[in-house]
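The block underneath contains the structure these notes are about, expressed in structure tokens.
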Number of protein chains: 2
Amino acid sequence: MSTRPTLAAVAAHAGVSPSTASLAFSGSPRVTPGTRERVLSAAAELGYAGPDPLAASLRRGRSGVIGAFVGERLLYAFRDPVAIQLLDGITEVLGSHGVGLLLLAGDTGRPSTEQIGRIPLDAAIFATCGLEDDPALDQLRSRGVPIVVVEGPVVDGVVLVDIDDRRGTRDLARHLHDLGHRRVEILAMPLRLDGRRGFIDAARRSRAHYRDVRHRLEGVEDVFGPVPAFETASNAVAEGAAAARVLLDVPAHRRATAVIAQSDVLAAGVLQAAAALGLRVPEDVSVAGFDGADLSWLGATRLTTVVQPSDEKGRAAAEAAMELVAGGHPPDLLLPVTLRIGTTSGPPPS
Amino acid sequence: MSTRPTLAAVAAHAGVSPSTASLAFSGSPRVTPGTRERVLSAAAELGYAGPDPLAASLRRGRSGVIGAFVGERLLYAFRDPVAIQLLDGITEVLGSHGVGLLLLAGDTGRPSTEQIGRIPLDAAIFATCGLEDDPALDQLRSRGVPIVVVEGPVVDGVVLVDIDDRRGTRDLARHLHDLGHRRVEILAMPLRLDGRRGFIDAARRSRAHYRDVRHRLEGVEDVFGPVPAFETASNAVAEGAAAARVLLDVPAHRRATAVIAQSDVLAAGVLQAAAALGLRVPEDVSVAGFDGADLSWLGATRLTTVVQPSDEKGRAAAEAAMELVAGGHPPDLLLPVTLRIGTTSGPPPS
DNA sequence: AACGGCGATCGAATCGATTCGACGAGGAGC
DNA sequence: GCTCCTCGTCGAATCGATTCGATCGCCGTT
């Protein structure tokens, strides 16, 4: 009893050949109901729970597992509402195909490199990590694993699922400009994960690791021209609040009339900081975000933001991955975003 | 070029046998540095990225993948700070072993049942789902996949990682009792996922799906005896707030002097509702939670709660799983919890 | 010089299923 | 009644690496 029965054993017990037994388990119509029945009951007698997935995978050349790389540490990704919706969209599609989602920490050195070599992946989705030079990406490519990248770099042979970050922020900036704002500041997500905070200069900007962050800067500049941008160390409410205290705690005549946060999470921090400083939103300062995340805990306040289809992004990425696995050539995708005007933007103080 | 090179091809190219090539790749000390070098450069020439994980897995009998079942839908699990910390603890340990984490939606019918049969798992961790009668559990057991259950049922041959829910709530209840409270109410997490809300009666309670919820009821009753308990439909802030409005929006003489929420998330909802109703905490009503989650967005308020080591729970579960895979027999585990008294509990109004 | 020992390399079996082409029997058509 | 076709079943090759035990050669020893 130390060893589990194999398909061959079941076949022998049922008095059929292994091939027939295999057909029976795969539910092929080429096998007689009676025979199938015999095989199944033989399996039941022997306590055989079905073909070994490992062996089947080897033969088929597919493991039924798709890897998702989420930034740096999983914990951070889990805290990001957008990443979560993205993952949810991915699992939704993969689940319906009977494919499992393997979580991998991207943007990091040793562990994942080793993992990638040992874990059978049918395809990989780079979900929320910059990767201009990710070793994991190269390794997977040389292994021939199909890859889908969400908001990542344009790489040959890799399917890209993107959203129109630049256009979205441009629309948002125009909205603020139309309201009369002329002095705005940007609260930026990290350009790379080195824990740095502070105003972004040209040198720093050129070392940006994340494409979406850059695009969201550019969108604002399309309307306002050069604008001061303050980089946060991570995309978190507390980070946004801390940065906003720096930006807003200055005399009114030098204060920006609008703060454009690059994410709703950061914007929530700005709202918190503004309240703490006794500034009214939008009377004293307008606040805008990006993502269209669920911020119901803000109460009656509805954030002016750019809504992106996070879950749709996940579904699209997963579907592209499935198509790649099937041997297809899905096209790159650019998903639209829409401006949603809430209660946090208004005319600048006169 | 349509087909990738195999280890055998590399071996031939390097002028060694496949076995030696394999040894070279696995970094065995039994192979001469010179030979290894020759094999590696042959691999580089042929564009061979290393042994196929699928084939290696079959031979080894291990896939390097461990499955984590999280309740119902991943999206909900992702919203739960405890579940997230748990997953983070799991990934931390698995990552250090070079093992991947496969996310699976438990507590659901079709898709996972099918997935389980097709995906090679070395072990499974049931993370946050009740499963008195989960078909996935049975299926995995009959397949011989080692299983670790976090706060799940006691099943023969399954390792249990648990926390002392009952003792924790008991300590908390005693704290409130010592303060003078005599009329308390419980705000409970769902007993099962059928979307039901309302006071829990005996019939409902007997159909409970989740053990931790039951234990947290019992802990309170150990001190106060029978106590009204209001069940929420899901563990979310908004749910807690909605339920708290029902519990608190009554004349003061009929109102509970303390609300014991079964999670910090629910407790946050209670605080929200109390504020909306104009009730001061803890002067008008004391509020307590469970988990010790990060609620820094509450500001200065520090919730009285029972702190559980969520990440430690994850690490312990993952380590137990690794030990099972290695053929060991890790013991069941009961992790301690500690009462943390914050600013939300005080004497009852006189 | 012969022998023993040791370490590097090789052969061959194995992991467990899938699948393609072949084969045989039974039924339909002429 | 004979042939042809079809449907169900079987054999055997294959997926790609790992690993145990055997082999072969080299070096040190007496």
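We name chains A, B, ... by the order of the sequence lines, and we start the count at 1 in each one. Quick caveat, the model's predicted, so the values are computed rather than measured.
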Just to verify, what does [X] make a side-chain contact (heavy atoms from CB on, under 4.5 Å) with, not counting sequence neighbours?
X        : value
B/Leu335 : B/Val161, B/Ile163, B/Pro309, B/Glu312, B/Lys313, B/Leu333
B/Glu319 : B/Val93
A/Ser28  : A/Leu23, A/Ser26, A/Arg30

Quiz prompt | A/Val158 to A/Ile147 - nearest heavy-atom pair and separation | solution =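 Closest pair (atom of A/Val158, atom of A/Ile147, distance): CG1-O, 3.6 Å.
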
Exercise. Classify the side-chain pair B/Ser22/B/Ser19 by whether it contains a donor and acceptor separated by less than 3.5 Å.
Key: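 Their side chains do not contain a donor-acceptor pair, so the 3.5 Å distance test is not met.
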
Quiz item: Can you give one letter per nucleotide of nucleotides 15-26 of chain D, going 5' to 3': B for a protein heavy atom under 4.0 Å from the base, S for sugar-phosphate only, - for none?
Solution: BBBBB-B-----

Quiz item: Taking the side chain as C-beta and beyond, is there a heavy-atom pair between A/Leu7 and A/Phe25 under 4.5 Å?
Solution: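 They are in side-chain contact.
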
Using residues 43-61 of chain B as the side-chain source, report each donor-acceptor pair under 3.5 Å to any protein atom, sequence neighbours left out, with the distance given to one decimal.
from    : atom 1 : to      : atom 2 : distance (Å)
B/Glu45 : OE1    : B/His13 : NE2    : 3.0
B/Tyr48 : OH     : B/Gly50 : O      : 3.3
B/Asp52 : OD1    : B/Leu54 : N      : 2.8
B/Ser57 : OG     : B/Pro53 : O      : 2.6
B/Ser57 : OG     : B/Arg62 : O      : 3.3

Quiz item: Which of residues 35-43 of chain A sit near DNA chain C, with a heavy atom under 4.0 Å from it?
Solution: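 Output list: empty, so none.
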
